[in-house]
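These values consider heavy atoms only, across backbone and side chains, with no hydrogens, waters or symmetry-generated copies. In what follows, chains are A, B, ... by sequence order, proteins preceding strands, each numbered from 1.
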Number of protein chains: 4
Amino acid sequence: MNERTPKKGLRPRKAPSQPRSEETVAAIIEAAAQVLEAEGFDGFNTNAVAARAGVSIGSLYQYFPGKDALTVALIRREMKRFYDDVAIALAMHNGEDALTYLLGAAVRQQLQRPRLARLLDIEEGRPALRDEVAKPELEQMTTEIIKRAIPQHASPEVAAADLFAMVRGIVDAAGERGETDMAYLEYRVRAAVFGYLANTGTA
Amino acid sequence: MNERTPKKGLRPRKAPSQPRSEETVAAIIEAAAQVLEAEGFDGFNTNAVAARAGVSIGSLYQYFPGKDALTVALIRREMKRFYDDVAIALAMHNGEDALTYLLGAAVRQQLQRPRLARLLDIEEGRPALRDEVAKPELEQMTTEIIKRAIPQHASPEVAAADLFAMVRGIVDAAGERGETDMAYLEYRVRAAVFGYLANTGTA
Amino acid sequence: MNERTPKKGLRPRKAPSQPRSEETVAAIIEAAAQVLEAEGFDGFNTNAVAARAGVSIGSLYQYFPGKDALTVALIRREMKRFYDDVAIALAMHNGEDALTYLLGAAVRQQLQRPRLARLLDIEEGRPALRDEVAKPELEQMTTEIIKRAIPQHASPEVAAADLFAMVRGIVDAAGERGETDMAYLEYRVRAAVFGYLANTGTA
Amino acid sequence: MNERTPKKGLRPRKAPSQPRSEETVAAIIEAAAQVLEAEGFDGFNTNAVAARAGVSIGSLYQYFPGKDALTVALIRREMKRFYDDVAIALAMHNGEDALTYLLGAAVRQQLQRPRLARLLDIEEGRPALRDEVAKPELEQMTTEIIKRAIPQHASPEVAAADLFAMVRGIVDAAGERGETDMAYLEYRVRAAVFGYLANTGTA
DNA sequence: GATGAATGAGGATTCATTCAT
DNA sequence: TATGAATGAATCCTCATTCAT
């Protein structure tokens, strides 16, 4: 499957109606997570995922039209948790508190399963998946939070993108090095983020 | 080639002594860069590289014991330029100037061939390559520069790692979005880095 | 590979330059013929063809970008012989002789390897291959021969198409029934063709 | 399912006694026709047929022991209409009229759903089905008609086979080219058939 | 009877690597 | 040394068929 190949289905093949199916789908996605975590990209193949999920390869393809669709589903599953956190942050009155909460959530999530998070970050960037996993609302919501925290900021959209990128960079690298002290990491992330905002805020 | 596979040679097979060989090796490495840039991981295969380099696949294997060795060579080539910049920075007297210079160099390099840079950043993280492309001196030198810029900083090693990671994060993301305004990007990177240092410096 | 799938390469992958390659290509095509003949469509898979040719599956794909390309090559090989016969017929002065010669050639060819001929006739009709195996010159040349044999014929193009179709129909069916008496078959084919022309000629 | 595989049931699994079953069976067969027509062999799979029929795949297998049995049923359904026409022809007193009527019926039927007809003609030839869809009576009846039309014909059995084959050849090809003018096509078919008979009749 | 989830053998294709020439 | 033909393990994916519910 080449990069320019006209897309193929990346959405789940069928909404699993029976409860049995739902379990199967969840099992496959979690198996994908585990395989990716344990074997890296090299070992991340559909047969391994099916085997780890305890289902046949045929079942996997009943629910996902292809490997990429499975990856997308996994990314979405992980993204969802963050979404919820963003919503919580948005509900806060104080902008700075909201941003702080968000950073904590990001650190927590990324350090929960660091390798998985890092590998999925990479997958997200693949041209074949990019459209499917784009998160416009997420960025909009983050922009909104920044506006509240630093009302006078000149370009909150750019700031949102930069902050996403730098947080991801710092936390992924920390996870890769095996860091586990979340408090310390959170402290540094806050330092980076608020430092960035302080220095770019008053354009 | 599995992640746990007992390593294989990742060093160039022979120090090309003859000038013709040197050219060949350079041509292969540049071809690898171009293929990676143009086709992404999906199209990055040894046959394509050999073809683009205008040499036979057999010749490629004469100079590189395997695909990973080729990747490593490419990473090293890109790293070298940065090395030189770090050396220049180290020669500067004023610590802040040195750091500023370094950030500029990083931005410049990363935005020169943004996609290549980003893909190589990913490759660097692969377990199979990590040992071969580790850059202890680089980190040490950067740490040294930070020490000079912020003498009282509590943990310059951690700072060096974080700064590497955040700069890479910001610049890779900017490249991916197609940004080309280096001055603006540099400004933001400086904001992030000096903001981080300001907030973590006085432990 | 669906019927509407945007085409894929159907031309041989590389013009085999070395003599060794040429042999390999020929061996693969003949193996394809034999497998198709012996096993029918059901057994006609690339692995079987490679095995029968005594080459690895990889070699097959070095020369043919896909299964269909192999089929096309086989069809072309068979077509070529007929082409030559049409050329010979075209060189004849007497139109009826030319047509008679052509019919004989068609019968001979089709009865040489009857099952292969019949299965390839079917393959030719597959939408995925149709464009690649179209034979406009062949039809043009046949039309020309008909014009010479029956100068006053109202619509020689239609006649050419009909004659192709009926000859193919009769001979394929005869082959399927295991007929081997070429003279008798040829006699009947001539009866059909000249009967058709006699009855449609004077529009 | 290989060509030599010891046969499997090709007859419908149960004579559907209840009216509801009969409808279901008919729906499945018509769905098979539509799928074959619309997607060609590539898309002709049991799941697609069941879906198009609006029944579950399980139900399909309740009525047909396998895919081939479904194909056979479809072929039989199409054959039946022709059977009736042959019977009508047989009831005619004048042999030539009978033959003419038969040809018209053949053209009409084949041009009704040309693609379906052509694909079923191919399926009929598959060794796995051949025995199940042989039509000895049909050929016998046709032979009878020929005998009446051309009493002195030397080998009416051979003629019957040839005529079947050439009519099928001409009409299938016409359908493939998208012809729709039935009168013109019928005229040419008559020309071919009566021409053939005229030229072979007086052995 | 009907359903549709599950199965897994089978088949197409890729690509890193070797080795005879 | 260079070449490029050959290799085959690995991987993706399909679809006829079964069977528990």
Side-chain angles (χ1 to χ4, degrees), chain A residues 1-2 8 14 16-25 42-48 50 54-68, chain B residues 1-2 8 14 18 20-21 24 42-51 55-68 70, chain C residues 1-2 8 14 16-21 23-25 42-48 50 54-68 70, chain D residues 1-2 8 14 18 20-21 24 42-51 55-68 70:
Chain A
M1 176 71 88
N2 183 317
K8 233 192 79 177
K14 58 171 110 180
S17 53
Q18 298 181 6
R20 183 159 54 134
S21 320
E22 244 167 303
E23 279 170 43
T24 303
V25 168
D42 282 350
F44 184 54
N45 61 273
T46 51
N47 290 297
V55 304
S56 70
I57 183 64
S59 283
L60 190 155
Y61 279 93
Q62 290 245 340
Y63 295 105
F64 301 96
K67 193 193 185 189
D68 283 348
Chain B
M1 175 70 90
N2 183 319
K8 236 195 75 178
K14 51 181 111 180
Q18 300 170 9
R20 184 155 61 116
S21 304
T24 305
D42 280 353
F44 182 53
N45 60 272
T46 52
N47 288 288
V49 170
V55 305
S56 68
I57 182 65
S59 285
L60 188 153
Y61 275 88
Q62 206 113 70
Y63 292 108
F64 299 94
K67 192 192 186 188
D68 283 347
L70 174 56
Chain C
M1 178 70 88
N2 183 318
K8 234 194 77 178
K14 57 173 113 178
S17 53
Q18 298 182 6
R20 184 160 54 133
S21 320
E23 279 170 43
T24 303
V25 168
D42 280 352
F44 183 53
N45 60 272
T46 53
N47 291 294
V55 305
S56 69
I57 183 64
S59 283
L60 188 154
Y61 278 92
Q62 291 247 339
Y63 296 105
F64 301 96
K67 192 192 186 190
D68 283 348
L70 174 57
Chain D
M1 176 71 88
N2 184 319
K8 235 193 76 177
K14 51 180 107 180
Q18 300 171 9
R20 185 154 62 114
S21 303
T24 304
D42 280 352
F44 183 53
N45 60 271
T46 53
N47 289 289
V49 170
V55 305
S56 69
I57 182 65
S59 284
L60 188 153
Y61 275 88
Q62 205 114 70
Y63 293 107
F64 300 94
K67 191 191 186 189
D68 283 348
L70 174 57

* **Sequence-aligned protein contact record of nucleotides 6-12 of chain E, with B where the base is within under 4.0 Å of a protein heavy atom and S where only the sugar-phosphate is** => BBBB-SB

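If you take OH on Y63(C) and OG1 on T24(C), they are separated by 5.0 Å, rounding to the nearest 0.5 Å.
As a whole-Å value, the separation of E23(C) CD from dG4(F) P is 18 Å. Atom CG of L70(C) is separated from atom P of dT13(E) by 10 Å (rounded to the nearest Å).
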* Structure fact -> Its dot-bracket string being built from Watson-Crick and G-U pairs below 3.5 Å, with | for another strand and [ ] for crossing, DNA chain F has the pattern .||||||||||||||||||||

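The minimum heavy-atom distance between G43(D) and A48(D), with the atom names listed, is O-CB, 3.9 Å.
Residues satisfying the side-chain contact (heavy atoms from CB on, under 4.5 Å) criterion with T46(A), sequence neighbours excluded, are I57(A), L60(A), Y61(A), K67(A).
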